[in-house]
2 protein chains.
Amino acid sequence: MVLIEFGKRVRSLREASGLSQEGLAERAHLHRTYIGSVERGERNISLLNIHRLARALDVAPDELLRDSEGLG
Amino acid sequence: MVLIEFGKRVRSLREASGLSQEGLAERAHLHRTYIGSVERGERNISLLNIHRLARALDVAPDELLRDSEGLG
DNA sequence: ATGTGACTTGGAGTCCGTT
DNA sequence: AAACGGACTCCAAGTCACA
């Protein structure tokens, strides 16, 4: 499940940064509930928003798409 | 320009595979004209379609998002 | 501070055709 | 083979009330 994996990755990176969904939302200029639904894998997020999230999380965009075998 | 860069990357990879836009469209289960507009950077493509393209091009999805400094 | 269902609006994605 | 236009459908984007 591509979207679920993506969401897990975002959540993991966000928590590693000590950010709340609200905090990340603010940094990414996105809505709080939208971040939540992305993390739950409910949204087929588009390329522009992937980049916004990547910037807010301080990682390269392709980092968010990488297969997260040993993630947690 | 995120979308333009992405489009260039797709085009470059497609041509390297010797595929036409039609051929790629078929392999990716997407429309012929859609591939064209993505390559021109006119579309804010979604995550699921990024994966479809990656599979059709035989590369990892994150490969399509990587910064292509020395591309051409 | 997060999960979730529902909603409106803009744009993703398709299909016809012409150049 | 590819760019581009118009018209269409449907889904991503973005927001809200409430659990």
Side-chain angles (χ1 to χ4, degrees), chain A residues 1-68 71-72, chain B residues 1-68 71-72:
Chain A
M1 307 285 290
V2 172
L3 304 185
I4 303 279
E5 286 305 311
F6 181 86
K8 279 190 198 164
R9 190 110 181 116
V10 169
R11 173 162 299 181
S12 159
L13 252 17
R14 173 178 63 78
E15 289 175 342
S17 310
L19 283 167
S20 66
Q21 289 183 352
E22 268 181 331
L24 177 56
E26 203 167 341
R27 284 180 60 123
H29 303 285
L30 292 169
H31 198 88
R32 185 206 111 220
T33 59
Y34 181 66
I35 300 289
S37 58
V38 166
E39 287 189 356
R40 273 173 266 127
E42 295 170 358
R43 301 279 183 148
N44 181 18
I45 188 173
S46 73
L47 185 52
L48 255 19
N49 279 351
I50 291 173
H51 275 258
R52 287 194 187 103
L53 279 182
R55 261 173 259 149
L57 289 167
D58 243 324
V59 297
D62 68 279
E63 178 77 19
L64 292 178
L65 293 217
R66 273 209 260 281
D67 215 354
S68 39
L71 196 57
Chain B
M1 307 286 295
V2 171
L3 304 183
I4 303 280
E5 286 306 311
F6 181 86
K8 280 191 197 164
R9 191 111 181 114
V10 169
R11 174 161 301 181
S12 157
L13 253 15
R14 174 179 63 77
E15 289 175 342
S17 309
L19 282 167
S20 67
Q21 289 183 352
E22 265 181 334
L24 176 57
E26 202 167 343
R27 284 180 59 123
H29 304 287
L30 291 169
H31 199 87
R32 188 197 101 227
T33 61
Y34 181 65
I35 300 288
S37 58
V38 167
E39 287 190 355
R40 271 174 267 126
E42 296 169 358
R43 301 286 181 144
N44 181 18
I45 188 172
S46 71
L47 183 52
L48 255 19
N49 280 349
I50 291 173
H51 276 258
R52 287 193 187 104
L53 278 181
R55 259 174 260 148
L57 289 167
D58 243 323
V59 296
D62 66 281
E63 177 77 20
L64 292 178
L65 293 217
R66 271 207 262 281
D67 216 353
S68 37
L71 195 57

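Every chain is numbered from 1, with letters handed out A, B, ... down the list of sequences.
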Next item on the list: Strictly below 4.0 Å, heavy-atom distances to any atom of DNA chain D: list the hits from residues 31-53 of chain A, or just say none.
Entry: A:H31, A:T33, A:Y34, A:R43, A:N44, A:I45, A:S46, A:N49
With a 4.5 Å cut-off on side-chain heavy atoms, are [Y] and [X] touching?
X: B:L3; Y: B:E42; result: no
X: A:N49; Y: A:V38; result: no
X: A:R11; Y: A:K8; result: no

Could you pull out all donor-acceptor pairs under 3.5 Å where a side-chain atom in residues 54-62 of chain B meets a protein atom, sequence neighbours excluded?
from, atom 1, to, atom 2, distance (Å)
B:D62, OD2, B:R66, NH1, 2.7

Next item on the list: Sort out for me which residue in A:H31, A:E26, A:R14 forms a side chain to side chain contact (heavy atoms under 4.5 Å, CB included) with A:Q21.
Entry: A:R14
Checklist line | Whole angstrom value for the distance that separates C1' of C:dA1 from CD of A:E26 | finding: 14 Å
Next item on the list: Could you state the atom-to-atom distance from CD of B:Q21 to C1' of C:dT14 in whole Å?
Entry: 15 Å
Checklist line | From C:dG3, D:dA2, D:dA3, nucleotide with atom closest to B:R14 side chain | finding: D:dA2
